[in-house]
Structures are given as C-alpha cells and as structure tokens.
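Here is how names work: the chains are called A, B, and so on, in the same order as the sequence lines, proteins then strands, and each is numbered from 1.
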Amino acid sequence: MRIGVFICHCGSNIAGTVDCAAVAAKAATYPDVAYATDIMYACAEPGQDAIIAAIKEHQLSGVVVASCTPRMHEPTFRKTVERAGLNRYMFEMANIREHVSWIGKDIEANTNKAAELVRMAAAKLRLNKELKPKSFPVTKRLLVVGGGVAGIQAALDAADAGLEVILVEKQPTIGGKMAKLDKTFPTVDCSSCILGPRMVDVAQHPNITLYAYSEVESVSGYVGNFDVKIRKKASYVDWVKCTGCGLCTEKCPARKSYDRFNEGVGPTTAIIIPFPQAIPKKASIEREHCRLLTGGKCGVCAKVCPTGAINYAMEDEIIEARVGGIVAATGYDLIDWKIYEEYGGGRYPDVVTSLQYERMLSASGPTGGHIKRPSDGVEPKDVVFIQCVGSRDPSIGRPYCSGFCCMYTAKQAILTKDHIPDSQSYVFYMDIRSPGKGYDEFTRRVQEEYKARYIRGRVSLVYPKGNKLIVRGADTLMGVQVEVEADLVVLAVGAEAASESAKLAEKLRISYDSYGFFMEGHPKLKPVETNTAGVFLAGACQGLKDIPSSVAQGSAAAAKAIGLLSRDMLDSDPQIAFVSANRCVGCGKCIEVCPFKAIQEIDLRGQPKAEVIETVCQGCGLCNATCPQGAIQLSHFTDNQILAEVEALCRF
Amino acid sequence: MSIQDDIKAAIAKALQDIPCVIGWGAGPEPLRATPLFMRNAADVENFTAGFLAVNNPALYLPSCKGVKTALVVKGCDARSVGQLVAENLVKRDELYLIGYPCSGVIDVDKVAARLEGKCEPGEVTRLREENEDVILDTPGGEVRLAKKDIAADKCARCRYPNAESADVFIGEKRAPVVDQDEYADLADFEKLSLEERKAFWEKELSRCIRCYACRNACPLCVCRDHCVASSREPHWLTQADGVRDKLFFQLIHATHLAGRCTGCGECERACPVGIPVLTLKRAFSRQVEDMFGYMAGIDVNTTPPLLTFRLEEPEIKEREW
Amino acid sequence: MSVLNTKELRIIGFLCNWCSYGGADTAGVGRFTQPTDLRVVRVPCSGRINPLFILKSLLGGADGVLVSGCHPRDCHYAEGNFYARRRLELLKGFLPVLGIDPRRFEYTWVSASEGQRWQHVVEAFTAQIHGLGPARGWPEAPELEILNAVAR
C-alpha cells in the first residue's frame, strides 16, 4: 500500500499548538507511508486539489488527513479521494484539532500526540478494504411527530411539495402551545387568527393524514424505510360519526373536570372539544373524569349525541405505517414551578403561570377574556410579573435562558393595560433579552407607552396579606428592597423539553441532552438533522425558540426531508457486518444480540450459518464483539483494524 | 445388582434406538478411565462409572449434532450439557441423558501427593472402591486413601451431584456436598497482593507450552477449528513464546466462557504442566453469580447473561465520573 | 513512538462515535483544556468493544484504558451500551485476579452535548492513572537464542 499523509494547519487552529511539519516528517517514517506533507487548509479547494494531485503523482492507494474531527469533514475528504479515483473508504482521519490542538497548549506534547494519532490512522488504513454501497428504494412518505406550529409548518411544506405526510399529535387537537396563546409578540396579533387557517390547511390537505390523540408507539427500520406503529388512543367517540356539534359537551354532567387546554383556569366537562377552532373538531372523553367509564352510571352523551358517535367500549388502536423520514416536533412543557416555595409553591390561587394568564386573556378562554383573580373573581389592578421562574437558575438544574419569556411578559403587560386601563403592571426581571426583529422596541414600548414598571432584581418572597399578595424583592438598580402589593402575580415559568421527549428520542434512536432537548447533528451546520439519518428536528424540541424561529425550523426540517425523499433510491452504508461462513459455527449468538434483527440463520450445505441482511444492518458491531471466533466482522471496524490501532500505541 | 449394572442395563436399553452411548471405560492404567463410545453389547461390558469417571462426556456433543446421542452423565457433566442446550449449540431432543449419583471423581495428582514418592501413580496395579475409601495395590503393598482426600477440588464444592436433567436416573440421589459455592479458593488466592498475583500468573504461565489442551478439553469451546488463537483474520494472538501471549490466550478463553463456564474443571485437569487456569474462569463465574444470579447450565430456559440485558441493572453499581 | 517521558502515561480511550466521541469534540470546540495522555480509538458503539481489546491494551503496556459510550437508553443503536455495561462491569471486576489494579480501567457514559463532563472525565481519569503510576509490564517473548546464533 502507498499511503499519503496530509497534516492540516487549519490556519492557526492546529498549527498554533502543533508542529505540523514535524508531524508530517514523523509520519513519513511510518510503514507504507509513501508521501507526507503539511498543508494550510486541507478542506479548502486548493487543499483538496493538492491531495488529488498527490494521489496521482505518488500513485497513492490510501490517504490519511490529520485535521479536524471526522464527524465534520470525513464525508468531504471521502469525496476528495473518490474524485482522485480511490475508493472512498481508503481514507482515514486523525483528529488533531478537537482532540489535540484545541485542548492544550503544550506544543511538544501536542506534536507527539498528533504524530501518534496519525500513526494509528495509518496503521488502520493499511487494513482498510474498498467498500461499495448498495442502493435501496425509498418510501416517499414523511412522519411528523407533534402538531404544534413547527410540526404544522413542516407537514404543510412537505405536503405541498408532494410528499404524503402522516401527522401524529398527542392531544385531541393540533395547535400545540401556540393555540393556547391569546396574542403574539411583537405584533400583538391574535394567535388563533394566524394559526387557525394553518390548522384548517392541515385538515383539508389531500396529502396529510392526521392522527390526533395518538402517539408513536414504536419505530423500527432505517432511513428511507422506517416502520412506525402509532397508538391511536381511545377517545370513546367515533370520529367518523362525530360532527363536532358540541351537544355532548353541553350536557355532560361531570362539570368539574380538569381543563388541560385551559391550564386548569376553569373546570370543564369529561367529554370535551378543547377549543372552538380545534382540529379535528371532534369530541373525546377523558376517561378519568367520565362518570360512566369510572364505574358510575351516566351515559348522557350517548343519549344526546345526534349521530350515535359515542362508543364507551372503544379501545386503543395500533396503526402501522412505513415512512421514509421522520420530523420530530414535540415542543416544550413548562417546568414544575411549584418547587419554588418562595412564590408559594402553588398554595396561593392568585399566583398563576404565564400560560394560565394567556388563557385568562383569551376571549375564547374560560373567563371569556376577562382578567379575574382566581380566588374571588375580582378584576386585579396591580399585577406583578416575575421573570426567570425556572430559567437561568443553576440551583434547580436549569442554567439556560428559556428565550421567549422576556418577550411574552412584555406582551402580557401590554395586554393587561389594554384589558384594564387603570391597572399597573410591575415586572421583576434579571436582564431583558430581546434580540429579535422589532423585539427591543417592543420592550421599550411596554415601559414608555404602557407605563409598566420594570424592576431589575429577584423576588425573594411572595406572601398573602388580607386579600393582597405582598411581593418582596430587590431593586438592584436603586439598591433598595421593594415591596409591591399585588392583586395578581404572574410567573414567567421557564420551559423544558416536553415531558415524554426522552422516550420518543429512545424510540427514534436520537440523542438528547440532560434537559431532554434533542441533539442536532451539528450545532451550526446541521441544525435540523440528527445523527440518525432520516430523522429531523423542528421547533422547541431541539432547543427553546419562539414562534418565528419554530416556523422557520419547521420549514427547514421539511426542506431536508423533501431533499431526502425526492430520491428514488438511497445508498446503504457499506460499513456493516459480514460473516466468514467457513469460520461461523452457527451458534446464533450474533442473531440473539442484534438490535435490528439484521442477522438470520441460513443453511449452508447442511450446516447452520449466520448471514447479514445487508439493508437492515446498521453497523453497530455488537455481533462482532459477541462472536467468540470472530467469524462476523464489522467492515471498516474489524477486529484487526482496531487491534492495529491498539498496537500502534502499544506495539504489542 | 450394583448401580454399575443398572446403568449398563439402561445403556443397553438406550442402544436399542440410539446408535451411540458415551460413557467411560477402563483406561490405560488402573487410576484412569477413558471416554467410551458404546455401540453394542460388547462395548457396554467395558463400561465403568464411579470414582474414575473423570472425563466430561459433554465435550463430544457439538460434533454429534444432528445424530441422536446418549450420554452417561455426572451432575457436573449435566450442567455442561445444560449450557450447550441453553445456547442452542445442541438440541435437547437429540439427547438422551442417563444420570447417576456422583460421589466425586479422582484427582490423580492428589494420589501422587499422597503416595509421597513411595511410588508413582502409574505403578499402581489395582484400584478398588470401598465405600468412601479406595484401596490401591502398589509395589510396596496396599494403600488405603479416603476418597475425599484424593477427589478433584470441584467435588468438595459440588452443589449438583445428581444429573437433575437426566432422562433416566439410576440409583438414589445424593445430598449436595455444599449448598453454596463460597469460592473459597478464590478468596485464598485473593489474599495475595496485586503484585503477588501478577507474579503468580507470570510464573505459572511461564510453563505454558501452548498445547491448547485446556481448550480442547473444554466442552463449551465450540469454535474448535476456528479458535481465534490460531487465526489471522482476526489476528488476536501472535505465535510469540512470551508469557504475555500465553496469558492472553487464557484471557480469551476466560472471557469467552464468562457467564457460560459450569466449572467442570476439565481445562485445568487437561493441562499437562499444571497451570491453575480454572481460577480465571471461576473469577468470572463468581461475578456472574453475584451480579446476575446466573449459574451456567442449570436452567436451559434462561438466556445467558451476556447475551441479554436489563434497562436498569440493580447489581451494577456504576461509578460516578 | 513513545509516551513523552515524565510527562505522560499511556492511556487509551475507546469512544463510541455518536456520543462520547462527539462529547470529546464538543470539549475541543469549547477549548476545555485537558491532559494530553489520552489517545482515542473511535468505534461505532460501545457494544462494538470486545473486552479483549481492553485486556490487549493493558497487557500491551497501556497504563490506563477508558471506555465511554452513550448514556443507557440513549444508544444510537438502541441497545449496544446495555450489553457493553454488563461486559465492561465484569471485566473491571476481573482485572484484580490478574494483579491489575481495577482503577486502571474505567467505563462511563458521556453524551455529545457534555463537553464539560468529558473534560472532567479525562482530567479525573488521567489524574487517577498518574496516581497509580506506570503499569508494570508483562514479560514479552524472550529473544530466541537460535536467531542470535544465526546472526552470529
């Protein structure tokens, strides 16, 4: 083999703390290395051209590039060597930037380490084999999980591009958090007026199949062909027959049920249509509140339903579908703010969350758009907003900024003044974060035009006094302690990933961070992709963001999915397991452990043998580590290749 | 009729529809029996069970695949069979197991030690079993030894003297020697410091001649001709004559047997230079028992612990990093 | 090719591509300074790691071996790290029988987002290995007399 080694300076990123020329000189002494040089930017066009020229000039049969992480540029350089006529797998990378130059300044140690990493890469490359992908057909159907504004946008864009779309929503209606909002910042336009038409588009789009009140049960398969099971939860109402007339909700006697859509601001019935613009506009029974289903006697809804849609015997239904790609758009939930004892820990009825306040402001909410104190129904005059309740608070493990609370608090202060002209709003804040288009102007307006009093400081205590709440806090700009007598306290509760997002991530085999937010493929360059091919992210499930950003990401995820599914055939990754039939004793241990059922037993001249189903194997190598005699090996990560790397370090 | 005769009768009966019954027959010298492949009545006459029935007949099973085979088994042999069945390496319905109560098997090295140099084990001209003793005829006269003093180590910690999974059981079941394997041998070994242990293995392995008798005697080493020790694809082991490579082979053997080894001890018995290789396997077995409550070869319906997992592993105390 | 005398010890890391390798990248991008001893072998999944790789490393002169994969339940291949956890735990418990200090081998889980955690793991493990000092080597094959004779 004739190996060429290219040590990238990456400008000064690597060359600043690694003697690249010395590494190249050292690499030239390694076995089979025919050519070694250092290069300013290997990934830039002149760098790639230099690699191609060297391959031709020195008849190289394999290439090592020592530069950044292979997670970044391995695909780039594989294409480069391919352009020079080599098989793309006759290439290895040594990560001397993220793993060397960026984590220490000791030039001697870094140079030595870089040279060793190159030695490992070259040792492995000597055992690389040419690999060729196989192609397989793609299912041109997209699954979107989550029917909030991001999921709606992704579904509509993909459907408009001609893809079949399956939209799965956990709640009985799509709309997500945005549907609960009264108005949106900074335009103060009506949330349901801008979201509603989109929701109707979803319902009417010929390419979209909506499964509301449903959840993803399981996902198997791989990019291009995922097999998905969807659990359609029992709504106890036949949605084919239900016309959404709402008669059942009027007559239902279980009138003290928790109203999930309205955040518990008022009670509701056991059979509900969450809100007037719900899509689908169908009734569903909440089992735990229904008198009949919980063992009592009732059956009123069945009696009044004009179409006979009520079916108390309904059971969950599993729907199976094959899709080529998946967009996760599961959004966020508010954190459990009741851990904050200083704000009453949930004991004071007149301390409400921002989302509850939205429902009070909404004309279609339980108060009909009238702001009323939950305790006595009186209109409040002094309203205190407390920001960063569960945001930027390392003491509860939430060190991040939730991003949108400064803005919605400003909006709510404006709306408060609009609803109650003689009211006074107070906002306790840490910093005002308003970097969006028109955002900072908006936060100025609320103070200057609407005369909201902004107090920079934290609140240390909220306690009841008479029919008022005393909010005690610091005004750090004035350097004094302040107390405000409030009629109502609104907490800008921070957000976290939706409650069951980790479970979904496990089903989709994507990563999530310690807060449950899904990991994008690359923080800058792959903001909507994940590390699992064919799975994309949209909206707050990837990280908290406001409506415009969620919509933008929904479109971006759709664009990526459209790009993927516009192809008829996909190339399979050839880095998969293969069996040496003559070494296989047919013990079946590989079959037992394979997470993908990608290995089957075959009969070879009367002997049982393992065989890899090439399009199903995902290349994890668990079988390889399990097979005692090493009869099944993972291409590109064979025992011998890993041993070569170990031996390059140990010389054993 | 003795148990021996009853077993012979059972073998003869089995031979009516099974071509071969594997047991033990008289060996080359009075202290040793040898595996016996019985195909007819004359073969059965040579059958012997009891104190000399040392070899583990399960060794031959993987090569009998597809042919109905009968085995005469001790309790420990039955565990090896059970593990092979659990791993689908042999099919239970292709087997016919004849069990009997085992009261232990001989360790010839211990006999040699007891003879204290007065004669070699090979010079013994006759061995008779008398209840819990054996009587040896030696050039210097009769020597009476208690079986327990010259039985294999494994017999002193035997929990399964009766082949519980046998299709037919001859004789009365014996009580287990112990209820629980306390791994006292390991505890003794672990009195050594880490440095001493390393020195121990260096010294022991320096005698290794890489004959692979340990592997060839292991009933669960089913790779046989495809052992990674002698392959280049993958190439785990060099042919170099150093302790490191010799030890590494033992580590391959031990890791391949982790969660599978039944402790039959054939590897150690087969070693011509007396390296205590079973210790390595028992170190894994003790952990597997503690961690997963799994004993190889007992329950054929339980998946071996390294071929499965639990989402939460209560017995694995992961260290905080 | 050798470890820098007095400065470094030989530490080999086996990292899964999807989580821990990414975590190490994240640490690099964040310029989280780390000791230079560690050399990383990238594998697709912690389930790919045969415990024999670790034994081979330790017998071959590594002073420490670190394995890091995705957190349980977060495996890119759904189940690989569950198998790895059992195998690696058994291996760690086995090392003392060979006279190898079990602290020379650790396994842990670091996700791609946990750059700081990766820095901490590398710092702590490197310090642990330096605390133990260089591992005592295992005798290699003696030079064959016959080869020397031929040479003469």
> Looking at C/Ala24, C/Gly28, C/Ala62, C/Ala27, which makes the most heavy-atom pairs under 4.5 Å with chain A?
Replying inline: C/Gly28
>> Below 4.5 Å, heavy-atom pairs only: which of C/Phe14, C/Phe32, C/Trp18 has the largest tally toward chain A?
In response: C/Trp18
> Going through the checks in order, is the salt bridge (charged side-chain N to carboxylate O under 4.0 Å, His left out) test met by C/Asp74 and A/Arg509?
Replying inline: CA-CA 7 Å; C/Asp74 195 15; A/Arg509 300 192 299 275; over 6 Å; no
>> With heavy-atom distances below 4.5 Å as the criterion, would you say the side chains of A/Asn110 and C/Thr36 are in contact?
In response: yes
>> Quick one, C/Arg31 with A/Ile103, criterion side-chain contact (heavy atoms from CB on, under 4.5 Å). Give me CA distance, side-chain angles, the key distance, then yes/no.
In response: CA-CA 5 Å; C/Arg31 310 298 200 274; A/Ile103 59 168; over 6 Å; no
Search all heavy atoms of [X] against all heavy atoms of [Y] and return the closest pair with its distance.
{"X": "C/Gly61", "Y": "A/Cys650", "answer": "N-SG, 4.5 Å"}
{"X": "A/Ser511", "Y": "C/Cys19", "answer": "OG-SG, 4.2 Å"}
{"X": "C/Ala112", "Y": "A/Arg71", "answer": "CB-NH2, 4.2 Å"}
{"X": "A/Val593", "Y": "C/Glu79", "answer": "O-OE1, 4.3 Å"}
{"X": "A/Cys620", "Y": "C/Pro44", "answer": "O-CG, 3.7 Å"}
{"X": "C/Leu38", "Y": "A/Lys113", "answer": "O-CE, 2.9 Å"}

>> If we define contacts as heavy-atom pairs under 4.5 Å, which of A/Asn13, A/Thr532, A/Ile642 has the most with chain C?
In response: A/Ile642
>> Evaluate C/Arg42 against A/Thr69 for side-chain hydrogen bond (donor to acceptor under 3.5 Å, both in side chains), listing each step before the verdict.
In response: CA-CA 11 Å; C/Arg42 182 167 70 129; A/Thr69 172; over 6 Å; no
Can you check whether [Y]'s main-chain N or O pairs, donor with acceptor, with [X]'s side chain at less than 3.5 Å?
{"X": "A/Lys105", "Y": "C/Thr33", "value": "no"}
{"X": "A/Arg97", "Y": "C/Val29", "value": "no"}
{"X": "C/Arg48", "Y": "A/Phe637", "value": "yes"}

>> Given heavy-atom pairs under 4.5 angstrom as the criterion, report whether the side chain, backbone, both or neither of C/Tyr21 touches chain A.
In response: both
> Heavy-atom distance under 4.5 Å to chain A: side chain of C/Tyr83, backbone, both or neither?
Replying inline: side chain
Measure [X] against the heavy atoms of chain C and call it side chain, backbone, both or neither at under 4.5 Å.
{"X": "A/Leu508", "result": "neither"}
{"X": "A/Val100", "result": "neither"}
{"X": "A/Thr626", "result": "both"}

Spatial distance of atom [atom1] ([X]) from atom [atom2] ([Y]) [nearest 0.5 Å]:
{"X": "C/Ile11", "Y": "A/Leu649", "atom1": "CD1", "atom2": "CG", "answer": "11.5 Å"}
{"X": "C/Arg73", "Y": "A/Tyr512", "atom1": "CZ", "atom2": "OH", "answer": "7.0 Å"}
{"X": "C/Cys45", "Y": "A/Gln618", "atom1": "SG", "atom2": "CD", "answer": "12.0 Å"}
{"X": "A/Phe517", "Y": "C/Ser113", "atom1": "CZ", "atom2": "OG", "answer": "11.5 Å"}

> Step by step, would you call A/Asn112 with C/Glu8 a side-chain contact (heavy atoms from CB on, under 4.5 Å)?
Replying inline: CA-CA 11 Å; A/Asn112 180 62; C/Glu8 286 183 355; 4.0 Å; yes
> Does the side chain of A/Asn531 come under 3.5 Å of the side chain of C/Asn17 through a donor N or O and an acceptor N or O?
Replying inline: no
> Any salt bridge between A/Asp106 and C/Lys7, counting N to O under 4.0 Å?
Replying inline: yes
> Between C/Arg10 and A/Glu116, is there a salt bridge with N-O shorter than 4.0 Å?
Replying inline: yes
> Do the ring planes of C/Tyr77 and A/Phe596 sit parallel (below 30°), tilted (30 to 60°) or perpendicular (above 60°)?
Replying inline: perpendicular
>> Among C/Val40, C/Asp25, C/Thr26, which residue satisfies the side chain to side chain contact (heavy atoms under 4.5 Å, CB included) criterion with A/Glu98?
In response: C/Asp25
> Between C/Lys56 and A/Glu647, is a side-chain contact (heavy atoms from CB on, under 4.5 Å) present by the stated rule, with each step listed?
Replying inline: CA-CA 9 Å; C/Lys56 186 92 176 171; A/Glu647 281 162 21; 3.8 Å; yes
